[in-house]
Amino acid sequence: MSRFYDEKLNDLTTYTPGEQPQDLSSFIKLNTNESPFPPSKLAIERAEEELEKLNLYPDPEAKALVSEIAKFYDLKSENVAVFNGSDELLSFCFQIFCPNGVVFADITYGFYPVYAKVFKREVIVLPLDQDFRINVEEYFDKLGTVFLANPNATTGIALPLCDIRALLESNPNRLVVVDEAYVDFGTESAVTLVKDYDNLLVVQTMSKSRSFAGARLGVAISNSEIIKDLNRIRYCFNPYNINRVTLSGATGAFLDKEYFDKCRGEIIKNREYLKEELKKLGFFVTDSASNFILAGSDKISGEELYEKLKANKVLVRHFKGGRVENFVRITIGTREQTDVLIDKIKKII
Ligand SMILES: Cc1ncc(COP(=O)(O)O)c(C=O)c1O
């Protein structure tokens, strides 16, 4: 740390992103839950149209994109705001909506504890049960803002909408943030509850099901008061938080529903195929509704499997320490990539 660094911030822990190798062509990359498919052609066309306008700032209100997303979900523009990735949005949530602290699971998205620390939030961590499931009733009497990844990060397991509804009703004066990064791969979205519950904020991203991770676009869906709060804090930092190319490309991606459905359908098919193949090899596999699975076997440790797959040019994710140490998280790729992965695993074990 330099001598200019504020020592009050000495104890920050940083988030560790998955590896991003420079030489992409030599790896099958199944480690950061990206889509294996390129963005929709319409998204690329729309993005390209903006290149010659990069001398001009983007629309700080992102009107065209916000309106398209609102239409997609049958809501009004006042119910939607967009951010530079959902990470930016989540950081704002920890900053402005958590005066009574935060509550989240022990196994969940790794950024939650990082943001809690940056913004000095009191944290209650509720352990998942033995089967890596959330018991929603444990959250009912907690006062802090709830952060719920649904489906959950790392496990891929989803909570039904009735549990989300029960959580919202258990304390109408506490905000529940439902992080739906993986919702398009097989879970019911809580967006349908936004009209009924003013203590619900749904967070989505275009990084997974819309093949837009490199463009960075996160979406907040909530009642108009919460959206106004989020825009207020956004205007305190960077009203031009989303560049022109992303804004326009993302609008194209939302318009191309056919491509969106085709890609996520393919991922769901490949996920179920991979689950079955790994089970045949004696793996325990989580009942994932996401674009990844968590898999482990008595025959090999999570770390060894990760290392050996990496040596075979297949990147998956391994989390050191904690309850998922003996597992690897595998992003669902194309059918071809999945077959290579299965073949390598068979040879390794
Ligand atoms: C549960 C969850 N939420 C949010 C994010 C962040 O997504 P992004 O910042 O790419 O929109 C991720 C990324 O992997 C995630 O797993």
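For ligands, and for the atoms within them, numbers begin at 1 and follow the listed sequence.
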contact_flag F111 ligand 1 heavy-atom lt 4.0 Å: no

Cationic N near anionic O, under 4.0 Å, D287 to K275: yes

Enumerated ligand 1 atoms positioned under 4.0 Å from heavy atoms of G85: 9 (O), 11 (O)

Cationic tip of R264 above F185 ring, under 6.0 Å, 45° of axis: no

Min N/O separation K208 to ligand 1 under 3.5 Å: yes

Nitrogen or oxygen atoms of T32 and ligand 1 under 3.5 Å apart: no

For atom 16 (O) of ligand 1, closest protein heavy-atom neighbour: Y182 OH, 2.6 Å

Geometric class of the F72/F260 ring pair [parallel <30°, tilted 30-60°, perpendicular >60°]: perpendicular

Minimum-distance protein heavy atom relative to atom 7 (O) of ligand 1: S86 OG, 3.1 Å

Proximity to ligand 1 by part of E88, non-hydrogen separation under 4.0 Å: neither

Subset of ligand 1 atoms that lie under 4.0 Å from at least one heavy atom of D87: 5 (C), 6 (C), 9 (O)

Y273 six-ring face occupied by R335 cation (under 6.0 Å, within 45°): yes

Sub-4.0 Å atoms of ligand 1 with respect to non-hydrogen atoms of R216: 8 (P), 9 (O), 10 (O)

Face-on cation placement of R210 at F254 ring, 6.0 Å and 45° thresholds: yes

Same apolar cluster: F111 and V202, side chain cutoff 4.5 Å: no

S207: numbered ligand 1 atoms lying under 4.0 Å from its heavy atoms: 8 (P), 10 (O), 11 (O)

Mode of A181 contact toward ligand 1 - side chain, backbone, both, neither (heavy atoms, under 4.0 Å): side chain

Cation-pi geometry met for K208 and Y182 (6.0 Å, 45°): no

Lys/Arg N to Asp/Glu carboxylate O, D343 vs K346, below 4.0 Å: no

Shortest heavy-atom approach to atom 3 (N) of ligand 1 - which of D179, L217, T331: D179

